[in-house]
Number of protein chains: 2
Amino acid sequence: MTDDPRTARRARRHDPGRRDRLIDAALHVIAERGVAGTTHREIARVADVPLGSMTYHFSSLDEVLAEAFTRHAAAAAEVFDERLGAATDRDSAIEAVITLIRDDLIGSPNDLVMAVELYVAAARKPALRAVTQGWMQRSRDALERHFDPTTARELDALIEGLVLHSVLSTDPMTPDQIRHAVERYLR
Amino acid sequence: MTDDPRTARRARRHDPGRRDRLIDAALHVIAERGVAGTTHREIARVADVPLGSMTYHFSSLDEVLAEAFTRHAAAAAEVFDERLGAATDRDSAIEAVITLIRDDLIGSPNDLVMAVELYVAAARKPALRAVTQGWMQRSRDALERHFDPTTARELDALIEGLVLHSVLSTDPMTPDQIRHAVERYLR
DNA sequence: CATAGCTATGTACGCTCGTACACATGACCT
DNA sequence: AGGTCATGTGTACGAGCGTACATAGCTATG
């Protein structure tokens, strides 16, 4: 946007540009090294900013983590929305779910790693619990556009389990196996 | 209890079962504080042994974690075996699965925490991947005593997802909801 | 230009960590 | 009994961490 220093008579009290970049860098580090390997120094290194910048923009490391996970969860939930929003009837919703699992979830294992990292982190840090629950709620809401609440909840759990086991297993599920599992449950 | 330091210390001087007790202490610490909070010093404190004892019995902290997770996975898999071993026909196997989820999995959330901690740890430490896979394999094997391999795999995933979402959610699933989900899939 | 005040940085402190290693101890053999 | 040596312990070291904080730099104003 307006990077021109001469803009705005009113002083910009805050520079969201850098803060955003730091959150993105944090996401990158979490995915790469895990929450355990996520430190002020590592994030600063990745974002190419001085260490002091971390404490300036965030009051603690937990705050960085919370913001990073929130951003990731929002992006992930949006994928759910998009896939399912395109569906018009129940059959195409089923197809959307299968595509979602195959392409967006199993297809990018980093997202699963992020999810599991979040689950673990949330178990110890109450601030992150709300993020987890908001994420789950949003994916359930998306499913409820096409399925009744009970089905949505169970289907959501099934998807999570399928993705988790598929990614962690030595032999990932084939698209046909995914289709089989989802259809068996839904029909 | 003999709290006299000299007595206790002398008694501990030669302690063949110490390694085992350290692994149990490690399990306790992992469940309590997470892998991130599991340190040589904390394990030693819980087990009431000197710090040096850790490096004597284990060549690294990763080795402690690996042994602890292996032990936990074995115990968890045994629960699967017992529940399902008691079943004689398909219907009682379904009941066994429902009981397993309700009483052993959702009923003791610590086990779920351990599982997720293991998943995260395994993502970064190859030595732990074999533990995860062995665990999954054993629960699938147990299910295959009563269901065909495809069903066993899908059911295993469904169980994992149900437990995960139930425990992490603000409103845990009721026994009836669990029964509904499992029966809907299996019948 | 001078100045004031907000933004941003470099550095240092206190702490915890994993690990190494010199040394103490006591069980067992002869 | 006395010596040997695996078993077990206490301590110290260097690295990396989160965070605090004095101050440098810039920009809007007078």
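Reckoned from all heavy atoms, side chains included, excluding hydrogens, waters and symmetry mates. Residue numbering restarts at 1 for every chain, and letters A, B, ... go by the order of the sequence lines.
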For this session: Check whether any side-chain heavy atom of A:Leu186 lies under 4.5 Å from a side-chain heavy atom of A:Thr151, and answer yes or no.
Result: yes

Exercise. Does the distance from a Lys or Arg side-chain N to an Asp or Glu carboxylate O, for A:Arg21 and A:Asp48, drop under 4.0 Å?
Worked result: no

For this session: State whether A:Glu95 and A:Arg83 are salt-bridged, where the test is any N-O pair (Lys NZ or Arg NE/NH1/NH2 against Asp/Glu carboxylate O) under 4.0 Å.
Result: no

Over how many whole Å does the gap from [X] atom [atom1] to [N] atom [atom2] extend?
| X | N | atom1 | atom2 | value |
| --- | --- | --- | --- | --- |
| A:His57 | D:dG18 | NE2 | P | 17 Å |
| A:Tyr56 | D:dG25 | OH | C1' | 13 Å |
| B:Leu22 | D:dT7 | CG | P | 15 Å |
| B:Phe58 | D:dT7 | CZ | P | 15 Å |

Problem set entry | Base versus backbone protein contacts along nucleotides 15-20 of chain C [heavy-atom cut-off under 4.0 Å; B, S, -] | --BBB-

For this session: Spell out, yes or no, whether B:Trp135 and B:Val116 are grouped together once hydrophobic residues are joined by side-chain heavy atoms under 4.5 Å, including indirect joins.
Result: no

Exercise. side-chain contact (heavy atoms from CB on, under 4.5 Å) between A:Asp111 and A:Leu105: does it pass, once the steps are laid out?
Worked result: CA-CA 7 Å; A:Asp111 285 6; A:Leu105 303 182; 5.6 Å; no

Exercise. Can A:Asp156 and A:Arg138 be said to form a salt bridge (Lys or Arg N to Asp or Glu O under 4.0 Å), step by step?
Worked result: CA-CA 11 Å; A:Asp156 198 27; A:Arg138 267 196 72 183; over 6 Å; no

